[in-house]
Each structure stands twice: as C-alpha cells, then as structure tokens.
There are 2 protein chains.
Amino acid sequence: MATRGQRTNRRADALSKQRIVDTAVEILDTEGESALTFRVLAARLETGSGAIYWHVADKGELLAAAADDVIARVLAVPVGDAEPAAAIRAVALGIFDAIDARPWVGTQLGQAPGQLAVLRIYERIGGRLEGLGVPEKALFFAASALVNYILGVAGQNAANARLAVPGGDRSAFLAAVAARWTEQDPADYPFAHRVAAQLADHDDREQFLAGIDLVLAGITTLG
Amino acid sequence: MATRGQRTNRRADALSKQRIVDTAVEILDTEGESALTFRVLAARLETGSGAIYWHVADKGELLAAAADDVIARVLAVPVGDAEPAAAIRAVALGIFDAIDARPWVGTQLGQAPGQLAVLRIYERIGGRLEGLGVPEKALFFAASALVNYILGVAGQNAANARLAVPGGDRSAFLAAVAARWTEQDPADYPFAHRVAAQLADHDDREQFLAGIDLVLAGITTLG
DNA sequence: ACCTGAACACCGTTCAAGT
DNA sequence: ACCTGAACACCGTTCAAGT
C-alpha cells in the first residue's frame with residue numbers, strides 16, 4: 001500500500017508485534033501469500049527468524065493479526081446514520097473491496113473463525129439487524145447468514161485471485177471458467193450451460209451486492 | 001542378477017489415479033488434513049513418492065479430486081420429485097453433513113472455486129431455481145447466493161473442527177467461543193454480548209438450515 | 001527481557017535410473 | 001509406460017547462546 005522510502009541499514013525502532021504485523025502486511029500485499037515466510041520477514045526486519053517468536057506465537061497468529069488489522073481499518077470508517085439496510089450494504093461492500101484488493105485477507109477470513117476479525121464483522125452487521133425488525137431470538141442466526149455469505153464470497157474470491165494469472169485480465173479469466181462449465185455434457189449439466197453466459201459476463205461486486213440484498217430480503221421476512 | 005525379489009507384499013493392483021485418491025481420502029478421514037503427505041501416501045500405496053506424480057499433477061489436484069469424489073457421492077443420492085425448495089434444502093443439508101463428517105472437504109471447497117465439486121453444487125442447486133419462479137436473468141446470481149452461503153459455512157465449520165480439541169465436546173467449544181465474545185468491552189461489542197448466549201446454545205445444523213431458508217425466502221421475492 | 005542464527009524435523013517436487 | 005527413491009530446495013519452529 002503506502003510506498004516506503006529508502007531504508008536505512010539500522011532499524012528505526014525495536015521489534016514489536018505491531019511492527020512485525022505491519023511488515024507482514026506489506027509483504028503479503030506486494031508479493032502475495034506464498035512470499036510470507038519467517039525467513040524473509042526476519043530479513044526485512046533485520047533480525048533473526050527466532051526473534052519473531054518472542055512477539056508472536058506462530059504463523060497462524062501472525063496471519064490472524066494481519067487480517068484483523070485490515071478488517072479493523074475497514075470497519076473503522078463510520079457508516080453514519082444511514083438506515084439499517086443501507087448501513088449493512090455499506091459494511092459488506094467495504095469488506096468486499098478490501099478482500100478484492102488483498103486476496104490474502106479472504107483466505108484468512110475463510111478459514112479462521114475464532115478470529116477477532118470475524119467477531120468485528122458480526123458486530124457491525126448484527127448491530128443493524130434490530131433496526132430491520134429482526135426479533136431478538138433470530139438475531140444471531142440472521143447475522144450468521146449474512147456473515148457466512150460474506151465469508152463464502154471472500155474465500156472464493158481469494159481462491160480465484162490465486163488461480164488467475166497476475167497480469168491477466170478478468171474477462172479472460174471468467175471466460176475460461178465459463179468454458180470449463182460448458183465443456184461438460186449438457187445432459188448432465190443443463191443449468192451450467194444455461195447460465196454460462198451470465199457467469200462470463202457478471203460483475204463480481206454487483207453480484208456480491210445482489211446476494212446481500214437477497215439475504216436482506218429474506219431477513220425482512222422475519223419481522 | 002541381483003536377487004531383489006523379496007517383494008512379499010505384492011500390490012493387489014497397479015497404481016491408478018482412483019486408487020491414489022481413494023487412499024488419500026482414507027488418510028484424510030482417519031488421520032486428518034495434516035497427515036496427508038506424499039511420503040505417507042506413497043508408503044501406504046507401497047510405492048515411491050515420485051510414482052504418484054505420474055498419475056496426479058500435484059497436491060492441489062489430489063485434494064481437489066478427493067473433495068470432488070466425496071461431493072459427487074453426496075449429490076448422487078436422488079432427491080426425488082420433491083418441490084424445489086425442499087429439494088434445495090435436502091441438497092444443502094447433504095453437503096453440510098458431508099462436511100461435518102469430513103472437515104477437510106470444507107477446507108477444500110472453501111478455497112478452490114474452479115473445482116468440479118463447486119460446479120456440481122451449482123448444478124444441483126441451480127437446477128431447482130426455475131421451479132421457484134426465479135426469472136431467467138436472475139438464475140446465476142440467485143444460485144451464487146446459495147452456493148456462496150454454503151461454501152462460507154463449509155469453510156467456517158472446517159476451521160472450527162481444526163480448532164476444536166479432537167475429543168472435546170461441542171458445547172464446551174461453543175462456550176469457549178462465546179466467552180471470547182463476552183470478554184470484549186460491552187461498549188464496543190454490544191451485539192456480541194447480546195447474542196453470546198444464542199451462540200453458545202445454537203445447533204449448527206439447524207442454524208445452517210435457517211440460513212438456507214432465509215436466502216430462499218429472499219429468492220422467492222424475485223418471482 | 002529480548003535477540004541471534006544455526007540446527008531440527010519436516011515438506012512438495014524433480015529426475016536420473018531402473019523395469 | 002510406469003515406477004523407484006535419493007536429492008533438491010525449501011518450510012515453520014526450537015533453542016543454546018549471546019546482550
């Protein structure tokens with residue numbers, strides 16, 4: 001993200017969890033998930049790889065902290081006093097955009113549930129549900145439907161990003177996926193053939209929002 | 001001629017992709033995701049680790065094939081001529097149960113979109129949407145809302161299974177998650193505090209189905 | 001208390017060599 | 001064509017030793 005200037009040979013400050021996480025995010029953002037190893041992280045921090053373990057339990061905690069950092073920042077922007085449905089859409093869209101920009105966050109969210117980041121998302125989404133007329137008893141499962149949908153899209157998008165060629169354009173990628181759908185036997189996969197064109201054409205962000213709206217429409221039904 | 005003939009345990013049959021995948025599934029099921037390595041797989045198959053690469057491109061393909069095998073089997077059971085909503089619920093529940101029994105399938109589905117298994121799910125779900133009165137133009141995104149929700153739950157459940165202690169009971173695990181929610185500041189996380197009890201009490205399967213019903217209710221809105 | 005970096009116990013994958 | 005298994009190029013993590 002933020003381009004850093006020339007790096008002196010001396011560490012600016014002592015090692016800390018925050019500095020480690022910041023550097024990890026930087027590597028993740030610029031070089032991708034597979035580039036983050038304790039060796040390159042240590043080199044970038046000008047320390048030994050073992051030093052990192054003084055501040056962070058293991059790689060899982062590091063990844064969780066990195067994802068949480070990003071999500072916390074995204075959710076920090078105030079939604080104002082928009083009406084509940086609009087606020088939920090805005091929050092969801094913010095998460096989508098963050099994941100779209102950083103696929104590694106999607107990977108992380110898709111597979112770490114106890115995580116603080118997921119709790120943050122539940123809080124921001126769930127907090128608006130009452131305003132939507134959701135009865136007290138249904139609050140948790142209504143929130144869970146929205147959150148699981150968001151996390152599902154997050155995981156799929158991250159995987160897509162991992163699959164796509166770094167430079168390649170998106171419509172070519174979608175065309176390739178659509179082609180795999182249509183190369184199946186139409187007798188076994190009639191639906192796949194029927195919607196392949198829609199798959200090839202669709203806009204991810206728009207489709208994501210449409211899904212949110214669908215769940216919201218269902219939730220309104222609960223009132 | 002060096003008498004090297006003490007191959008007492010002669011293999012029952014030649015190596016094949018199917019036999020490799022079957023053995024991988026066996027290891028995944030009994031020993032878990034982390035136990036599947038090319039070394040133990042080769043040992044179990046009484047061959048060299050390099051031999052596997054003659055039949056399978058890499059570990060990613062192996063995992064994808066294993067997950068696809070399971071999903072194909074799950075989707076093979078006929079739903080009969082139930083009405084569309086009931087059929088979709090049945091299909092979704094079948095997938096949920098399969099993932100609950102084999103968390104590694106959830107991990108795999110949550111992060112491999114181009115996969116045949118995901119296409120199969122789209123087909124089975126999507127094929128019933130028309131009967132629900134979904135207009136042609138909305139078929140793909142309606143299916144995608146359902147599938148992404150399912151895959152989101154799949155990923156979270158798999159991650160939960162990875163986190164939980166193998167022998168530990170489920171209510172203790174949920175209580176621990178709920179405790180992490182309530183240990184946050186109530187001023188920052190009012191929703192978390194409010195629904196922590198629901199989180200601790202809920203039944204995963206029931207909650208999953210409730211989410212499906214919510215999306216279905218939203219989809220009915222499109223008619 | 002915090003850091004160093006070699007060492008340990010693994011991985012997935014390749015490939016010359018065999019049949 | 002198919003299989004073998006040693007070798008390669010990595011990993012995350014530990015830990016005795018330093019400051």
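Numbered from 1 within each chain, the chains take letters A, B, ... in sequence-line order. Reckoned from all heavy atoms, side chains included, excluding hydrogens, waters and symmetry mates.
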> Which part of the nucleic acid, if any, lies within reach of B:L41 when heavy atoms closer than 4.0 Å are counted: base, sugar-phosphate only, or nothing?
Replying inline: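 No contact.
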Could you state the [atom1]-[atom2] distance from [X] to [N], rounded to the nearest angstrom?
X     : N      : atom1 : atom2 : value
A:D58 : D:dG12 : CG    : P     : 11 Å
B:F38 : D:dG5  : CZ    : C1'   : 15 Å
B:Y53 : D:dA6  : OH    : P     : 16 Å
A:E46 : C:dG5  : CD    : P     : 11 Å
B:K59 : C:dC11 : NZ    : P     : 8 Å
A:I20 : C:dC2  : CD1   : P     : 12 Å

>> Go through it in stages, so that I can follow the logic: the residues are B:E61 and B:K17, the test is salt bridge (charged side-chain N to carboxylate O under 4.0 Å, His left out), and I'd like the CA-CA distance, side-chain angles, deciding distance and then a yes or no.
In response: CA-CA 11 Å; B:E61 188 191 311; B:K17 182 165 177 182; 2.9 Å; yes
> Which residue, A:I52 or B:G60, contacts DNA chain C at a nucleotide closer to its 5' end, judged by nearest heavy atom?
Replying inline: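 It is A:I52 whose nearest nucleotide is closer to the 5' end.
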> Which nucleotide in the list D:dC11, D:dT13, C:dG12 gets nearest to the side chain of A:T37?
Replying inline: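 When the side chain of A:T37 is considered, D:dC11 is the closest of D:dC11, D:dT13, C:dG12.
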> Under a 4.0 Å N-O cut-off, is there an ion pair linking A:E33 with A:R102?
Replying inline: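 So A:E33 does not pair with A:R102 through a salt bridge.
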> Any ion pair linking B:R205 and B:D100 (charged N to carboxylate O, less than 4.0 Å)?
Replying inline: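 Salt bridge flag = no for B:R205 with B:D100.
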> How would you list, by chain and number, every residue that makes a ring-ring contact (aromatic ring centres under 6.0 Å, His included) with B:F208, sequence neighbours excluded?
Replying inline: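 With sequence neighbours excluded, B:F208 shows a ring-ring contact (aromatic ring centres under 6.0 Å, His included) to B:F96, B:Y149, given in chain and number order.
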> Are B:Y122 and A:Y189 an aromatic pair by the rule of ring centers under 6.0 Å?
Replying inline: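 No, ring centres 6.0 Å or more apart.
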> So does B:W54 get a side-chain nitrogen or oxygen closer than 4.0 Å to the phosphate oxygens (OP1/OP2) of D:dC2?
Replying inline: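 True: B:W54 side-chain N/O within range (under 4.0 Å) of D:dC2 OP1/OP2.
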> What pattern of brackets, bars and dots sums up DNA chain C from 5' to 3', given Watson-Crick or G-U wobble pairs under 3.5 Å, [ ] for crossing pairs and | for another strand?
Replying inline: ||.|||||...|||||.||
>> Reading DNA chain D from 5' onward, which residue's closest nucleotide shows up sooner: A:R39 or A:A51?
In response: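 It is A:R39 whose nearest nucleotide is closer to the 5' end.
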> Relative to each other, are the rings of B:W181 and A:F140 parallel, tilted or perpendicular (30° and 60° limits)?
Replying inline: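 Ring orientation, 0 to 90° scale: perpendicular.
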>> Pair A:E31, A:R44 - check salt bridge (charged side-chain N to carboxylate O under 4.0 Å, His left out), show working.
In response: CA-CA 13 Å; A:E31 263 116 310; A:R44 198 89 116 220; 3.4 Å; yes
